Amino acid sequence: MRIGILGTGAMAEALGGQWARAGHEILVGGRTAARAEALAGRTGARAGTLREAARFGDATLLALPYDAVLDVIAEVGPLPAGRVLIDCTNAIGPGLVLTTGEGPGAARRIAAATGARVVKAFNHVTPAVWSRTPPVFADGPLTVPLCGDDAEALALVATLATDMGCAPLVTGGLRHADLLESATAFLIGLWHAGQDPRTLLPPPAALGG
């Protein structure tokens with residue numbers, strides 16, 4: 001596949017590098033040509049502008065701070081009809097609370113602002129995890145929850161997760177992205193406190209009924 005990436009930070013490097021190693025063609029767009037070219041050199045991608053990355057190939061990864069996404073989208077102009085956007089952002093502020101408040105979550109706001117086919121994915125762990133080759137642990141491959149309303153877009157992102165060595169799992173429509181975003185904020189709080197979230201969850205067989 002051909003994937004554009006908006007952003008030149010750690011998430012862009014981790015995911016873009018994995019996809020490039022898997023044989024996908026990656027174009028990285030940043031606010032400065034130097035940062036885009038440096039990241040492209042480290043990952044085997046091509047460098048371009050934000051506008052080029054927003055329109056490149058089959059889909060675009062939003063590897064930006066959530067607070068910057070809508071400004072960047074406005075800067076690059078209208079997206080092509082049916083564009084697939086992969087949203088790995090987290091709208092988390094001080095106190096590890098969502099900055100989106102009581103309304104729609106980040107993914108739904110991005111979808112409403114762009115008209116794109118948005119898939120929420122890759123937001124629930126850090127770039128250090130996505131940089132592992134592959135992201136496999138004692139219990140097996142890391143599961144990647146996917147939320148979206150378009151079957152074709154979900155299949156595309158599932159392929160990208162599989163090609164990294166992960167196990168994609170469609171967990172619901174885009175409304176479920178609100179729950180994933182909240183759960184991620186909760187998990188981050190536990191990790192920052194030095195707690196293992198896995199200790200909260202019994203094996204499925206123990207739940208009964």
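By convention here, the first residue in the shown sequence is residue 1. All figures in this text were calculated on a predicted structure; none of them were measured in a lab.
- Atom CG of Leu169 is separated from atom OG1 of Thr171 by 6.0 Å, given to the nearest 0.5 angstrom.
- Closest approach of Ala121 to Val144, counting heavy atoms only: CB-CG1, 4.5 Å.
- Distance check: Leu61 CG to Trp19 CH2 gives 4.5 Å after rounding to the nearest 0.5 Å.
- Contact detail for Cys88 and Met11: the closest heavy-atom pair is SG-CG, 3.5 Å.
- Side chain of Arg108 to main chain of Leu174: no donor-acceptor pair is present (N/O by atom type, distance under 3.5 Å, no hydrogens or angles).
- The nearest pair of heavy atoms linking Ala161 to Pro168 is CB-CB, 4.0 Å.
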Worksheet item: Stepwise, does the side chain to side chain contact (heavy atoms under 4.5 Å, CB included) test hold for Asp139 with Arg198?
Response: CA-CA 11 Å; Asp139 295 333; Arg198 294 177 301 175; 3.7 Å; yes
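- Remark: side-chain polar atoms of Arg55 are paired, donor with acceptor, to backbone N or O of Val76 under 3.5 angstrom.
- Listed here is the closest heavy atom pair of Thr133 and Arg21: CG2-NH2, 3.6 Å.
- How far CZ of Arg117 is from CG of Leu156: 8.0 Å, rounded to the nearest 0.5 Å.
- Asp87 is not listed as a side-chain neighbour of Val119, based on a closest heavy-atom distance of 4.5 Å or more.
- Between Val28 and Ala36, the closest heavy-atom pair is O-CB, 3.8 Å.
- A distance-only check finds no donor-acceptor pair linking the side chain of Thr100 to the backbone of Gly105 [under 3.5 Å].
- Leu180 and Ile188 fall into different hydrophobic clusters, where Ile, Leu, Val, Met, Phe, Trp and Tyr side chains are chained together by heavy-atom contacts under 4.5 Å.
- Side-chain contact between Tyr66 and Glu181 is absent, with no heavy atoms from C-beta onward closer than 4.5 Å.
- Taking 4.5 Å as the limit, some side-chain heavy atom of Gln18 sits within range of a side-chain heavy atom of Pro135.
- Between Cys166 and Trp130, the closest side-chain pair of non-hydrogen atoms falls below 4.5 Å.
- Once rounded to the nearest 0.5 Å, the distance linking CG of Leu15 with NE2 of His24 reads 11.5 Å.
- Each of Leu62 and Ile26 belongs to its own hydrophobic cluster when Ile, Leu, Val, Met, Phe, Trp and Tyr are linked at side-chain heavy-atom distances under 4.5 angstrom.
- Both Ile5 and Val125 are part of a single hydrophobic cluster, where members link through side-chain heavy atoms under 4.5 Å apart.
- Cluster annotation: Leu146 is connected to Leu160 through the hydrophobic network of ILVMFWY side chains, with a link wherever side-chain heavy atoms come within less than 4.5 Å.
- In this structure, the separation between CZ on Arg83 and OG1 on Thr114 is 11.0 Å, given to the nearest 0.5 Å.
- Atom-to-atom distance recorded for Ile73:CD1 and Leu64:CG is 8.0 Å, nearest 0.5 angstrom.
- The shortest heavy-atom contact between Ala113 and Leu70 is CB-CD2, 3.7 Å.
- Enclosure of atom CZ in Arg175 is not indicated, since only 12 or fewer non-hydrogen atoms of other residues, nucleotides or ligands lie within 6.0 angstrom.
- For the pair Asp58 and Arg2, the salt-bridge criterion is not met [side-chain N within less than 4.0 Å of a carboxylate O].
- Side-chain atoms of Asn90 come within 3.5 Å of backbone atoms of Asn123 as a donor-acceptor pair (strictly under, hydrogens ignored).
- Under the 4.5 Å side-chain heavy-atom criterion for ILVMFWY residues, no single connected hydrophobic cluster contains both Phe56 and Leu79.
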Item to complete: Evaluate side chain to side chain contact (heavy atoms under 4.5 Å, CB included) for Val72 paired with Arg31, printing each intermediate quantity in order.
Response: CA-CA 9 Å; Val72 169; Arg31 288 194 179 277; 3.4 Å; yes
